[in-house]
Amino acid sequence: SIPLQHGAHRLGKRTDAEMQKWREHGLGQFIHWGVYAIAGGHWQGKYYPGAAEWIRSWEEMPKDAYDNLYKEFNPTDFDAKQWAKQAKYMGAKYMIITTKHHDGFCIWPSKYTDYTIKNTPYKKDLLREIVDAYDKEGIDVYLYFSIIDWHEKGYRSAIPETAEEKVAYEEFKQFTRNQLIELLTDYPTAKGLWFDGTWDKAWIEQVQFADDLEKEMRAMRPGLIIGSRFRADENGKRHFDSNGDLMGDYEQGWERDLPNSIADVNGNDWDCVMTIPENQWGYHSEWRGYVKTSFDLIDMLVRSVSMDGNFVLNFGPDGKGNIRPEETKLAKEIGDWMKINSEAIYGCSYVNLKKQGWGYFTRKDNKIYLTVFNRPINNMLNLEIAKGGVKPVKAYFLSDKKGVDIVNAGRNKQNSSLYNLVIPADFISGQPFVIVLEISQSD
Ligand SMILES: C#C[C@@H]1N[C@@H](C)[C@@H](O)[C@H]1O
């Protein structure tokens, strides 16, 4: 392997309690909230086709007009407790909140810039209200932080060339460090950082600085969880270093995307962060294109857990602090489903069984959960177990514990056994449903 100073500092999954707790969450909530929510994807009546939180980069958007929006930011409908209660009902075990997106606006009263919530009509520390409310609901809080900062004077995307640019970028680096140390100091219950906006060449070049900063943050907060998107190795490699080893504690590459199979996750922890519309994170008042249903989202959730990942669903509150009706409806529908079926999610992981077309397998201890999305016409759930693998003992519906017959379907292959779990023909369900298969290790 290639000798690296600034590649992965750990091979394989973290085994400490904090990471194990993260791994067991299954379902998280992302919240993108900032001054872009005031614009809501429009400017002077014109529709912005891009992601709403990127509207400042739209050529039709005058930069000074955007940079003065904060003077109107007064989310009088904002109720952090209501947000946290809704997330609790949905079944989210953690929440990632945008402390600062690419526009540089801080929802906490940072000492290092005036471009913060403190200088808005709202004045109060939004981040504090959100962190406290989620802490009270027992939902772990993670802080999203964008290295890109279009507002901060020293920020630049390209590698600094002139002496002046180099000095300015060094100041930007210190500003970035100062804000991160400030966040970890002032919001000590935050369990980790979700970095974004780290694709600029100027930042990728900061190999030593970023590695030192990551070490400093981890030293400040033992157990801190940081994903793969924060820094690059000395060859400019991101997420995976020049030896193909994962940097950080989990892979952050699945943005609006999902692995196709367990092979795609390379034995790493990972999260999938997902939007409800096709590509809107911040509030856009006019969603166009496909809007995912709770069926789609529950499928993605179970699929993620079946491949050892967490599924993080994004919400984009509007400029007054309201969670929009479409998101409220989905939070309720997902919560209704989780109330019955969360045992197939929380603390569950991948199980090495042949993938089937009817749905997904998740496992916890001596139970395998079969979550059915595509009910076979013959009501037979195929199950194929490699020789010497687990041994089926009994099966039943998770919802009401009613028994499910396990029929031996022979062993047309020497190296595996086939079974069918029989769904009673009179069992009706308009929702994805879960059958529990209790197993024993093959004797
Ligand atoms: C591109 C990009 C950003 N990464 C997502 C998590 C959103 O924050 C989006 O703006």
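Reckoned from all heavy atoms, side chains included, excluding hydrogens, waters and symmetry mates. For ligands, and for the atoms within them, numbers begin at 1 and follow the listed sequence.
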D196 heavy atoms, cut-off 4.0 Å: which ligand 1 atoms fall inside?
-> 3 (C), 4 (N), 5 (C), 6 (C), 7 (C), 8 (O)
Counting from 1 in the order shown, the ligand 1 atoms closer than 4.0 Å to a non-hydrogen atom of H101 are 7 (C), 8 (O), 9 (C), 10 (O)
Looking only at side chains, do Y66 and D103 share a donor and an acceptor under 3.5 Å apart?
-> yes
Answer with yes or no whether the side chains of Y144 and D196 bring together a donor and an acceptor at under 3.5 Å.
-> yes
Check whether NZ of the Lys or CZ of the Arg R14 lies under 6.0 Å from the centre of the six-membered ring of W22 and within 45 degrees of that ring's axis.
-> no
Does NZ or CZ of K191 fall inside the cone over Y94's six-membered ring, less than 6.0 Å from its centre and within 45° of the axis?
-> no
Option with minimal heavy-atom separation from atom 10 (O) of ligand 1, where the choices are E53, H32, R229 = E53
Below 3.5 angstrom, do we get any N/O pair linking W54 and ligand 1?
-> yes
How about H284 and Y47: are their ring centres within less than 6.0 Å of each other?
-> yes
For atom 5 (C) of ligand 1, the protein heavy atom that lies nearest, with its residue and separation | E255 OE2, 3.3 Å
